[in-house]
Q: 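I am attaching a structure below and will ask some questions about it afterwards.
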Amino acid sequence: MPPLTFAPDVQAAREAGRPLVALESTIITHGMPWPKNVEMARTVEADIREAGAVPATIAVMEGRIHIGLTEPQLTRLAQAGEVMKLSRADLAVALATSRMGATTVAATMICARLAGIDVFATGGIGGVHQGAEQSFDISADLQELAQTRVTVVAAGAKAILDLPKTLEVLETLGVPVIACGQDAFPAFWSRDSGLTAPLRLDHPQDIARAHLMRARLGLPGGQLVANPIPPAAEIPADRLAPLIAQAQAEAAAQGISTKSVTPFMLSRLFELTEGASLAANIALVRNNALLAAGIARALVAERRL
Ligand code: PSU
Ligand code: MN
């Protein structure tokens with residue numbers, strides 16, 4: 001039996017068959033600075049409730065996978081200095097040794113699946129890093145999408161990544177990449193990466209049906225739903241490009257590698273954009289939470305048919 005602890009409201013939702021949306025915690029501990037991180041987490045949870053679903057923020061504490069955090073747990077996690085960043089490789093070690101850990105997209109998918117939650121909202125997924133032909137830095141998030149049956153709603157992937165290579169790897173792994181509301185694959189802070197997404201579905205009901213169809217076909221793996229940032233919150237790609245290049249050069253000069261690459265790039269960009277990247281980040285996560293709630297509701301309705 002996996003060591004799962006459900007928050008009381010999540011447990012009640014499970015028993016009543018209400019729609020649930022999983023949320024990751026690495027975005028809180030390694031993706032945004034205190035106290036904006038905890039404010040974002042609370043706001044996104046409230047958004048999901050308002051949209052008629054129940055949020056379940058996932059993290060590892062005291063040897064248990066928590067599916068849904070209480071308010072004190074959320075604050076403790078957001079404020080803690082030493083939190084492990086947990087991907088598939090790290091989950092069991094963190095649990096076995098009772099370390100506090102925040103789940104990435106990959107680990108959140110694993111935990112959501114164990115908890116029977118089909119839909120997960122985040123900001124951006126990990127992908128193929130620029131220079132991966134040298135560094136081999138490809139996020140475990142991509143492989144997880146290929147093997148764990150959870151629909152992940154993200155605003156595409158950041159321009160700190162190599163987006164064409166990220167789409168190529170997803171195609172190789174057989175992961176459906178579905179743009180919502182447009183043909184273009186979105187690039188996190190910008191609505192259009194200049195690349196066309198392989199698939200497009202504009203309605204939560206269709207995304208829910210495709211999720212269920214994968215199960216009927218016996219296909220493992222999830223779906224990546226790429227939801228563009230709202231127009232008002234967008235940051236033009238040409239404003240970010242030189243700042244991304246600068247942060248990348250600093251990362252290389254300082255020998256930043258493996259798990260530290262993404263957090264380093266995120267925090268440097270927050271500094272270099274004087275907080276503008278953070279405001280956009282929060283807007284897009286909220287937007288993804290709303291779409292995820294719609295998909296979760298549609299799944300409940302489809303299963304009742
Ligand atoms: N991209 C973002 N914000 C994030 C992350 C990615 O725009 O917070 C986090 C997510 O938790 C993602 C992880 O799963 O970073 C990927 O890390 P890595 O590249 O080390 O696999
Ligand atoms: Mn990596």
Side-chain angles (χ1 to χ4, degrees), residues 22-33 36-37 40-41 44 57-60 77-78 83-91 101-112 120-146 148 150 152-163 165-166 169-170 175 186-190 193 222 224 226-229 233 235 240 244 247-248 251-252 255-270 273 277-289:
L23 296 164
E24 63 154 308
S25 44
T26 295
I27 190 174
I28 302 171
T29 55
H30 295 70
M32 294 185 186
K36 286 276 181 194
N37 60 350
M40 178 279 303
V44 170
T57 302
I58 294 178
V60 168
L77 180 82
V83 183
M84 278 177 87
K85 174 180 164 184
L86 307 179
S87 190
R88 167 176 279 263
D90 318 290
L91 204 48
T103 50
T104 60
V105 168
T108 305
M109 289 180 74
I110 294 169
C111 298
F120 159 29
T122 185
I125 60 157
V128 180
H129 280 264
Q130 305 215 24
E133 58 275 30
Q134 290 293 325
S135 67
F136 277 45
D137 189 349
I138 302 176
S139 176
D141 293 351
L142 302 184
Q143 291 230 45
E144 204 60 52
L145 280 160
T148 300
V150 173
V152 180
V153 182
K158 286 215 168 86
I160 63 173
L161 301 171
D162 186 323
L163 297 185
K165 286 196 184 74
T166 299
V169 170
L170 287 167
V175 175
F188 199 78
W189 294 298
S190 317
S193 64
L224 176 60
N227 189 33
I229 185 170
I235 306 180
L240 287 172
I244 290 169
Q248 247 145 13
I256 308 285
S257 66
T258 64
K259 281 176 176 302
S260 306
V261 175
T262 300
F264 177 88
M265 291 294 295
L266 296 182
S267 77
R268 271 310 274 145
L269 281 165
F270 293 150
T273 61
S277 68
L278 182 55
N281 200 342
I282 292 170
L284 66 84
V285 177
R286 297 184 67 181
N287 191 46
N288 294 342

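This chain uses plain numbering: 1 for the first residue, then up along the sequence. Atoms within each ligand, like the ligands themselves, are counted from 1 in listed order. As the structure is a computational prediction, the values presented were derived from the model and not from experiment.
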Q: Of all the atoms in ligand 1, which lie at a distance below 4.0 Å from a heavy atom belonging to Lys158?
A: 1 (N), 2 (C), 3 (N), 7 (O)
Q: Are the side chains of Thr29 and Met84 in contact, using a 4.5 Å heavy-atom criterion?
A: no
Q: For the side chain of Asn37 and the backbone of Ala78, is there at least one donor-acceptor N/O pair under 3.5 Å apart?
A: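 Yes, Asn37 side chain to Ala78 backbone: donor-acceptor pair under 3.5 Å.
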Q: Out of Thr103, Ile27, Thr122, whose heavy atom is nearest to atom 8 (O) of ligand 1?
A: Ile27
Q: For ligand 1, is any non-hydrogen atom under 4.0 Å from Thr104's backbone (N, CA, C, O), its side chain (CB onward), both, or neither?
A: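 Both of them.
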Q: Using a 3.5 Å cut-off on N or O atoms only, is Lys85 in polar contact with ligand 1?
A: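 Yes - when backbone and side-chain N and O of Lys85 are compared with those of ligand 1, one distance drops under 3.5 Å.
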Q: Would you say ligand 1 has an N or O under 3.5 Å from any N or O of Asp141?
A: yes
Q: Protein N, O or S atoms less than 2.8 Å from the Mn ion (ligand 2), ignoring waters?
A: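 Result, waters dropped: Asp137 OD1.
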Q: For atom 6 (C) of ligand 1, what is the closest protein heavy atom, and at what distance to 0.1 Å?
A: Gly124 O, 3.5 Å
Q: With respect to Thr258, determine whether any N or O atom, backbone or side chain, lies less than 3.5 Å from an N or O atom of ligand 1.
A: no
Q: Tell me whether Lys36 contacts the main-chain N or O of Leu278 through its side chain, where contact means a donor paired with an acceptor under 3.5 Å.
A: no
Q: Just by modelled atom types, is the His30 backbone N or O under 3.5 Å from a matching donor or acceptor in the Lys85 side chain?
A: no
Q: Give me the nearest non-hydrogen protein atom to atom 21 (O) of ligand 1 as residue plus atom name, then the distance to 0.1 Å.
A: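 It is Ser139 OG, 2.7 Å.
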Q: Say whether, by atom type as modelled, one donor and one acceptor occur between the side chain of Ser25 and the main chain of Thr103 under 3.5 angstrom.
A: yes
Q: Are any side-chain N or O atoms of Ser87 and backbone N or O atoms of Ala107, one a donor and one an acceptor, separated by less than 3.5 Å?
A: no
Q: Give me the residue, atom name and distance of the protein heavy atom closest to atom 19 (O) of ligand 1.
A: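 For atom 19 (O) of ligand 1, the nearest protein heavy atom comes out as Thr262 OG1, 2.8 Å.
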Q: Show the atoms of ligand 1 that are less than 4.0 angstrom away from any heavy atom in Thr26.
A: 11 (O)
Q: Got Leu77 and Val83 here, is their nearest side-chain heavy-atom distance under 4.5 Å?
A: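 Counting from C-beta outward, Leu77 and Val83 do come under 4.5 Å.
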Q: Give the numbers and elements of all ligand 1 atoms closer than 4.0 Å to a heavy atom of Glu24.
A: 10 (C), 11 (O)
Q: Hey, which atoms in ligand 1 end up nearer than 4.0 Å to a heavy atom of His129?
A: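 Checking each atom against His129, I get 19 (O).
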Q: Do Gln130 side-chain atoms and Ala159 backbone N/O form a donor-acceptor pair below 3.5 Å?
A: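 Checked: pair present.
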Q: Are any side-chain N or O atoms of Thr26 and backbone N or O atoms of Thr104, one a donor and one an acceptor, separated by less than 3.5 Å?
A: yes
Q: Out of all atoms in ligand 1, which are within 4.0 Å of some heavy atom of Phe188? Include the element for each.
A: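 Matching atoms, with element in brackets: 7 (O).
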Q: If we ignore hydrogens and angles and just use 3.5 Å, is the side chain of Thr273 paired with the main-chain N or O of Leu269 as donor and acceptor?
A: yes
Q: Does the side chain of Ile160 reach to within under 4.5 Å of the side chain of Phe188, using non-hydrogen atoms?
A: no
Q: Does any non-hydrogen side-chain atom of Leu266 lie less than 4.5 Å from one of Lys158?
A: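 Yes, at least one pair of side-chain atoms sits under 4.5 Å.
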Q: Between Asn288 and Thr122 (side chain of the first, backbone of the second, donor and acceptor by atom type, cut-off under 3.5 Å), is there such a pair?
A: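 Yes; at least one donor-acceptor contact below 3.5 Å.
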Q: Can you tell which part of Leu266 has a heavy atom less than 4.0 Å from ligand 1: side chain, backbone, both or neither?
A: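 Side chain only.
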